[in-house]
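Just so it is clear, the structure is predicted and the values come from calculations on it, not from any experiment.
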Amino acid sequence: MDKEKLLSARQWIQDELKRCVDFWLKNGMDSVNGGVYTCLDREGKIYSTDKSVWMQGRCAWVFAYLCRVYGKKDEWMAASKSCLDFMEAYCINREAGNRMYFTVTADGKPLRQRRYCFSEAFYAIANAEYYGLTGEKVYLERARSAYNLYWNVNHGMPDPVGMPPKTIPETRTGRAFGTPMIILNVIGVLLRVDEANKAEYEERSAQCVEEIFKYHVHPELKCVLENVAPDGTARLDFTEGRIVNPGHDIEGVWFLLEQAQRTGDSSLVPKAEQIFNWAIEAGWDKEYGGLLYFVDCLGRPPEAYEHDMKLWWPHDEILISSLMLYRDTGKEEYLDWFFKTLDYTKTYFSDPEYGEWYGYLRRDGKPTQPPCKGSTFKGPFHLPRMLIMVDQMLSGLLD
């Protein structure tokens with residue numbers, strides 16, 4: 001371990017975090033309606049006023065998490081509460097069992113509802129983290145309500161929205177890797193702040209881990225499949241059944257490593273390590289560097305047109321997971337992956353002039369034109385989360 005190299009990396013991470021946070025506070029926060037705008041160009045100018053509900057929850061969580069790690073600041077607390085209040089006022093479909101919208105207008109009029117429950121997941125972590133800072137029970141009640149709704153809808157409860165499934169169920173049903181993975185992350189936040197329901201969280205997190213390895217991890221294919229049959233069977237005769245999202249797998253790695261640390265289950269560490277190795281081998285672009293967005297588990301053409309692009313968030317996940325694997329295994333190869341990915345992000349994603357990272361690169365590393373720093377799917381979440389976590393891990397290693 002090169003201490004000077006780690007010190008230099010930590011300084012860059014800390015500087016990048018300041019630039020990222022300042023970018024969103026300056027350009028994204030809506031002082032008129034509340035909440036956050038995330039469709040921002042390179043300089044931070046708004047190019048669409050429609051608001052992503054995912055991002056309201058994610059932004060609220062990030063600013064609360066900043067307060068948890070570095071201490072409360074008024075502007076961070078205000079940013080978090082602005083997004084929480086906006087969601088409470090405008091983003092919940094009260095007539096459909098409190099399912100949440102996907103997008104709303106600047107002033108909160110509903111635009112789009114999706115069958116997926118991820119808005120509820122991000123609302124849950126935001127309220128839970130804010131409760132951890134304030135102790136105000138209403139935020140924990142909101143967090144638990146949304147968390148239970150997510151859990152129940154994905155475990156047999158009829159969806160109160162009444163939207164049909166993605167495919168005609170008489171023809172094809174299945175399981176998605178994102179379902180147990182995301183709730184595992186939600187439970188990780190709740191476990192930090194809600195000791196009273198610890199037994200329930202531990203039981204459900206163990207179930208999530210079991211589902212991931214029972215259904216989605218396929219050693220015979222050396223991958224984690226995003227979509228499988230209800231019994232976990234790999235369905236390789238159509239493209240959706242062969243999708244591998246390397247960044248998603250690598251994000252799941254550190255969720256599993258956190259579970260291992262919480263529970264003391266050391267057997268999860270080599271299992272998570274194997275998933276990382278499969279994903280980085282399949283997804284790292286050996287010609288241009290960086291992680292491909294999608295690959296086909298059999299090496300066939302992926303259907304998604306963006307499959308060979310380089311997106312910001314998978315690289316955030318490599319930085320977290322590689323450093324966590326180094327911390328937990330002591331293997332230098334993971335520190336090598338950390339620095340290799342850090343160099344790539346410095347070269348291609350980082351923008352010291354305006355702050356934040358470019359969201360979307362072509363395969364050769366050039367930003368899509370015109371470049372953007374945020375969208376319906378990109379806001380203050382993956383990048384600041386990574387920078388905070390990596391800062392803390394580097395400090396731990398150095399100490």
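- Side-chain contact check for Lys271 versus Gln274: every heavy-atom pair is 4.5 Å or farther apart.
- Linking ILVMFWY residues whenever their side-chain heavy atoms come closer than 4.5 Å, directly or via other members, leaves Val295 and Trp278 in distinct clusters.
- The environment of CD in Glu136 is crowded: more than 12 heavy-atom neighbours from other residues, nucleotides or ligands sit within 6.0 Å.
- With hydrogens and angles disregarded, no donor-acceptor distance shorter than 3.5 Å links the side chain of Glu226 to the backbone of Ala176.
- The six-membered or imidazole ring of Phe377 lies away from that of Trp313, with a centre-to-centre distance of 6.0 Å or more.
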Kindly indicate, with the supporting measurements, whether the criterion side-chain hydrogen bond (donor to acceptor under 3.5 Å, both in side chains) is fulfilled by Asn152 and Tyr147.
CA-CA 9 Å; Asn152 292 334; Tyr147 142 82; over 6 Å; no
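- Within the 3.5 Å criterion, the main-chain N or O of Leu342 finds a donor-acceptor partner in the side chain of Thr345.
- In terms of hydrophobic clustering, with Ile, Leu, Val, Met, Phe, Trp and Tyr side chains grouped at heavy-atom distances under 4.5 Å, Val153 and Phe102 are assigned to different clusters.
- Of the possible polar contacts, none joining the His248 side chain to the Val224 backbone as a donor-acceptor pair under 3.5 Å is found.
- A cation-pi arrangement is not found for Arg363 relative to Tyr288, the charged atom failing to lie both closer than 6.0 Å to the ring centre and inside a 45° cone about the ring normal.
- Both tests hold for Lys346 against Trp12: distance to the six-membered ring centre under 6.0 Å, angle to the ring axis within 45°.
- Panel note: side chain His216, backbone Leu225; a donor-acceptor pair is recorded below 3.5 Å.
- Exactly one residue among Leu133, Ile388, Val193 makes a side chain to side chain contact (heavy atoms under 4.5 Å, CB included) with Arg68. That residue is Leu133.
- Surrounding CD of Glu306 are more than 12 heavy atoms belonging to other residues, nucleotides or ligands, all under 6.0 Å away.
- Salt bridge present: Glu240 and Lys166 bring a charged side-chain N and a carboxylate O closer than 4.0 Å.
- Annotation for Lys222: atom NZ does not count as buried by contact number, only 12 or fewer foreign heavy atoms lying within 6.0 Å.
- In this pair, Tyr344 and His315 present their aromatic rings parallel. The plane angle is below 30°, not in the 30 to 60° band.
- At a threshold of 4.5 Å between non-hydrogen side-chain atoms, the residues Val228 and Arg235 do not count as touching.
- Taking the side chain as every heavy atom from C-beta outward, Pro367 and Phe349 never approach each other to under 4.5 Å.
- The existence of a salt bridge linking Asp351 and Lys373 is confirmed by a sub-4.0 Å separation between a basic side-chain nitrogen and an acidic carboxylate oxygen.
- By the 4.5 Å heavy-atom criterion applied to side chains, His382 and Glu317 are counted as neighbours.
- The side-chain heavy atoms of Tyr70 and Asp391, taken from C-beta on, include a pair separated by under 4.5 Å.
- Between the side chain of Thr173 and the backbone N or O of Pro169 there is no donor-acceptor pair closer than 3.5 Å.
- When all heavy atoms of Gln259 and Leu268 are compared, the closest pair comes out as CG-CD1, 3.7 Å.
- A heavy-atom distance below 4.5 Å is not found between the side chains of Tyr358 and Cys372.
- In this structure, Lys310 fails the cation-pi test against Tyr348, since its NZ or CZ atom is not both closer than 6.0 Å to the six-membered ring centre and inside 45 degrees of the ring normal.
- The pair Asp22-Lys18 counts as a salt bridge, with a side-chain nitrogen and a carboxylate oxygen less than 4.0 angstrom apart.
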Applying side-chain hydrogen bond (donor to acceptor under 3.5 Å, both in side chains), run through Glu273 and Thr329 and close with a yes or a no.
CA-CA 9 Å; Glu273 185 180 0; Thr329 69; 5.1 Å; no
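- Ring pair Phe381/Trp61: centre-to-centre distance below 6.0 Å.
- Relative ring orientation between Tyr90 and Phe86 is described as tilted, the plane-to-plane angle lying within the 30° to 60° band.
- Side-chain atoms of Ser119 never come within 3.5 Å of backbone atoms of Met100 as a donor-acceptor pair (strictly under, hydrogens ignored).
- A distance-only check finds a donor-acceptor pair linking the side chain of Asp41 to the backbone of Lys45 [under 3.5 Å].
- More than 12 non-hydrogen atoms from other residues, nucleotides or ligands lie less than 6.0 angstrom from CG of Asp231.
- More than 12 heavy atoms of other residues, nucleotides or ligands shown are found within 6.0 angstrom of CD on Gln369.
- By the 4.0 Å N-to-carboxylate-O rule, Glu211 lies too far from Lys214 to be salt-bridged with it.
- Grouping the Ile, Leu, Val, Met, Phe, Trp and Tyr side chains by contacts below 4.5 angstrom, directly or via other members, places Phe276 with Leu311.
- Under the 4.0 Å criterion applied to side-chain N and carboxylate O atoms, Glu88 and Lys81 are not assigned as salt-bridge partners.
- Under 3.5 Å, the side chains of Thr368 and Arg362 contain no donor-acceptor pair of N or O atoms.
- Taken together through direct or relayed side-chain contacts under 4.5 Å among Ile, Leu, Val, Met, Phe, Trp and Tyr, Leu17 and Val69 form part of one hydrophobic cluster.
- Ring to ring, Tyr130 and Tyr65 are not that close: their centroids are 6.0 angstrom or more apart.
- Note on Tyr47: it does not cluster hydrophobically with Tyr37, by side-chain heavy-atom contacts below 4.5 Å among ILVMFWY residues.
- Here the OG1-CG distance, from Thr239 to Leu236, works out to 11.5 Å after rounding to the nearest 0.5 Å.
- Counting heavy atoms from C-beta outward, Thr38 and Trp54 have side chains that stay 4.5 Å or more apart.
- A cation-pi geometry, defined here as NZ or CZ lying under 6.0 Å from the six-membered ring centre and within 45° of its normal, does not hold between Arg42 and Tyr354.
- With a 6.0 Å cutoff to the six-membered ring centre and a 45° limit on the axis angle, Arg142 counts as a cation-pi contact of Tyr139.
- With rounding to the nearest 0.5 angstrom, the NZ atom of Lys137 is 8.0 Å from the CD atom of Glu141.
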Check the pair Gln207 / Arg204 against side-chain hydrogen bond (donor to acceptor under 3.5 Å, both in side chains), numbers first and verdict last.
CA-CA 5 Å; Gln207 183 176 332; Arg204 287 185 174 180; over 6 Å; no
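- With Gln56 contributing its side chain and Ser52 its backbone, the two residues share a donor-acceptor pair below 3.5 Å.
- By the 4.5 Å heavy-atom criterion applied to side chains, Glu16 and Glu356 are not counted as neighbours.
- Heavy-atom neighbours of Glu332 CD from other residues, nucleotides or ligands within 6.0 Å: above the threshold of 12.
- In terms of modelled atom types and a separation under 3.5 Å, the side chain of Ser82 and the main chain of Gly35 share a donor-acceptor contact.
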Can I get a per-line list of side-chain donor-acceptor pairs under 3.5 Å for residues 180-192, giving both atom names and the distance, sequence neighbours left out?
{"unit_1": "Arg192", "atom_1": "NH2", "unit_2": "Glu129", "atom_2": "OE1", "d": "2.2"}
{"unit_1": "Arg192", "atom_1": "NH2", "unit_2": "Glu129", "atom_2": "OE2", "d": "2.9"}

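- Interatomic distance, CH2 of Trp337 versus NZ of Lys331, reported as 15.5 Å (0.5 Å rounding).
- For Arg99 and Glu120, the salt-bridge test passes: some basic side-chain N is under 4.0 Å from an acidic carboxylate O.
- Ser321 places no side-chain N or O within 3.5 Å of a backbone atom of Ile318 that could act as its donor or acceptor partner.
- Cation-pi check for Arg172 over Phe238 is met; the charged atom lies under 6.0 angstrom from the ring centroid and within 45 degrees of its normal.
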Applying side-chain hydrogen bond (donor to acceptor under 3.5 Å, both in side chains), run through Asp265 and Thr263 and close with a yes or a no.
CA-CA 5 Å; Asp265 183 1; Thr263 62; 5.0 Å; no
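- Taking CZ from Phe294 and CD from Glu303, the interatomic distance works out to 10.5 Å, rounded to the nearest 0.5 Å.
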